[in-house]
Protein chains: 2
Amino acid sequence: MSLSGKAAGIKDVALAAGVSVATVSRVLGNGPVSEALRKRVEDAVRATGYRPNLSARRLRSQHSQTIGLVVSDIRNPFFTAVSRAVEDAAYRAGMRVILCNSDENPEREELYLRLMQEERITGLIFAPTRATLDRLDGLDLDFPVVLIDRNAPATRHDAVVLDNPRAAAMLVEHLHAQGYRRIAGLFGNTSTTGQERHEGYRAAMTARGLVPAARFLAPHADAAEEAVVDWMAGSDRPEAFIVSNSLFLMGVVKAARRLKLPIPDGLAVAGFDNEPWTELVGPGLTVIEQPVQDIGQSAMTLLFERLEAPDRPSRRLVLGGTCIVRGSTAARMAEAG
Amino acid sequence: MSLSGKAAGIKDVALAAGVSVATVSRVLGNGPVSEALRKRVEDAVRATGYRPNLSARRLRSQHSQTIGLVVSDIRNPFFTAVSRAVEDAAYRAGMRVILCNSDENPEREELYLRLMQEERITGLIFAPTRATLDRLDGLDLDFPVVLIDRNAPATRHDAVVLDNPRAAAMLVEHLHAQGYRRIAGLFGNTSTTGQERHEGYRAAMTARGLVPAARFLAPHADAAEEAVVDWMAGSDRPEAFIVSNSLFLMGVVKAARRLKLPIPDGLAVAGFDNEPWTELVGPGLTVIEQPVQDIGQSAMTLLFERLEAPDRPSRRLVLGGTCIVRGSTAARMAEAG
DNA sequence: GCGATAACTGAAAACGTTTTCAACGACTTT
DNA sequence: AAAGTCGTTGAAAACGTTTTCAGTTATCGC
């Protein structure tokens, strides 16, 4: 197309169309332009192969058209799915996404928050660690924040989260109905999510006259595997485990295999996140399915609404999970003795 | 910190430090500044809570410090892992990443390529569809491109790919050694990856006097499941399947379950991508592990080297895969008859 | 027909930086 | 002591757009 050495700028287009740069800009941003000129300009744009410079546009217009997304690790399938939903919604709205992985590290979160300021992002979607969550209300950021997955009971920011206590309770309920009584729990120790799920678990257990027994672990499959092996070596062997995320789910399955305990007869298990493979391992794993798509989309919606009405009181969107029942929690066999 | 209504600009810092904006800029970009002034400026930066405006910086300096990453779908675990590696390397080098999901759709690829131009990205890491790959050499983009996962035999762009033919051959070899003879193949029909793996499969089969039997499918688990069910209903039932990606792996496992064929005795299977769950389903699935971390990092390295030496001839980095042997390809039992 | 209004257009300012350029003072060299 | 040289500094230009502001022309109401 262009034979000139340098890429065409808006000036070149203006020259080619015989109009002012202002008119070209108006055509591009659909301002008021006569049909005749609009046509001429559009032709000139094609002829020159002009591509607007987004940095310049952003600088002048003071609209970055960019939203930030900070999660702990994109490789966590939950965040993978949410990210995808967020990005789709963003691109659909003509915005770009800057994705950052914090690795559950508050220092990196701080670093990235600073980056977001420098990018002058329009808004942030954020799954913070507990440490940062505590500081968050104090920080004065010049963009709205929507929390996802994790949130504080009272924060000035909008949030969209799963109904974690309810979801954990559903698992307890289900296991109880299936005849399980000694139900142990493994929960993540870095996020509020783990806490909330534990709380739901604890409440549901005691409500049924069962005694809760929980451990809090770093979010790794290995940690869960070791915990289970260790636990099953003791005298208070649980009949079933409720676990807080899919990494722990893997850990439990590995432990069961190592201990040669069949699922569910030797050890029942239920957890969170309906990933495709949970259907395939063993007799299928019972899980709570999170509405990941919905979470991502809703986060964007909340963000846009907040941008339109900055002073409206903060909102908390609590979405329900679905309990997908599979073989890993099949009815408990009568026990001898 | 700042009590003023507006965020501090470089002017405010200059004013607070009693120096010119040029000096502030030099302190930030570590140009030549006396120690005394440098100190004054740094204090002023802290005092004002100054955050540079990256859009302005990019516009003036003509360095976007941004690299583009276009993959088919971030939810494909292979791309998830590669993305993470790319982003880590990028942030380490002080660059940002713009991630786009093409969904194997050439139109979206074109859209995103245009976007990349407008962002004036420094370079692109790209896993294109076959259609776009064909056009790619013709396009004149004003940034270097590093292809990942897929590539054309002869392209002017750098690339880092798995040794796909070899990897597929390894699977054939392994299955053959385990006593399997009727080995069918399922390959993706949208990428060159599928083609290359098929080629390796075909060659390895014929080299052993076996007859290859392959089908090409859209990259969905369902497609694979149907294909297997259909295939096993016919007269030429394979003893084993080699599949081109992890989605197909799921499809095969589901089909086996549906047909009540035990793995591996009723149906052996081996595939690509050593995802955590492949260890857990059935007797464990034999897979080729791709060096995902290495692929992402190498892509960035190739990109940087290209930026330093734009005229060096293009390079193709071919990485080897590792065959992880698991129960899904255990030695074939002697067959009656 | 004539002033008021509306619709369009262009010149120039603005966005917040980096970079160029010239100037300055303090040394060193001759 | 004059002439370079070096390291530091500030004024102003530049980056490529959008936006303001002030026209200009055409249209309308009377």
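Per chain, numbering begins at 1; letters A, B, ... match sequence-line order. Because the structure is a prediction, the values reported are computed rather than measured. The analysis underlying the following values was restricted to heavy atoms, covering all of them including side chains, and did not include hydrogens, waters or symmetry mates.
Listed by chain and residue number, nothing satisfies the ring pair (Phe, Tyr, Trp, His ring centres under 6.0 Å) test with A:Phe304 (two or more places apart in sequence, or in another chain). With sequence neighbours left out, the side-chain hydrogen bond (donor to acceptor under 3.5 Å, both in side chains) criterion links B:Tyr91 to no other residue. Every residue two or more places apart in sequence or in another chain was checked for a side-chain hydrogen bond (donor to acceptor under 3.5 Å, both in side chains) with A:Thr66, and none qualifies. Here B:Arg156 pairs with B:Asp137 under the salt bridge (Lys or Arg N to Asp or Glu O under 4.0 Å) rule; sequence neighbours left out.
Straight-line distance from the CG atom of A:Asn30 to the P atom of C:dT9: 15 Å, rounded to whole Å. In this structure, the CZ atom of A:Arg40 is 13 Å from the C1' atom of C:dC8, given to the nearest Å.
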Quiz item: Which nucleotides of nucleotides 16-23 of chain D have their base under 4.0 Å from a protein heavy atom (B), which only their sugar-phosphate (S), and which neither (-), written as one string 5' to 3'?
Solution: BBBBB---
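The shortest heavy-atom contact between A:Ser83 and A:Leu99 is OG-CD1, 4.2 Å. The two atoms that bring A:Ala159 and A:Leu302 nearest to each other are O-CD2, 3.6 Å, heavy atoms only. Of all non-hydrogen atoms in B:Ala90 and B:Met300, the two that sit nearest each other are CA-CE, 3.6 Å.
Look at B:Thr23 and you'll find a side-chain N or O under 4.0 angstrom from OP1 or OP2 of D:dG10.
Nucleic acid contact class of B:Leu37 (heavy atoms, under 4.0 Å, all strands): sugar-phosphate only.
In this structure, the helix from C:dG1-D:dC30 to C:dT30-D:dA1 shows an angle of 40° between the axis at its start and the axis at its end, each fitted on 5 base pairs and rounded to 10°.
Two residues are said to be in side-chain contact when any heavy atoms from C-beta on lie closer than 4.5 Å; B:Arg120 and B:Phe143 fail this criterion.
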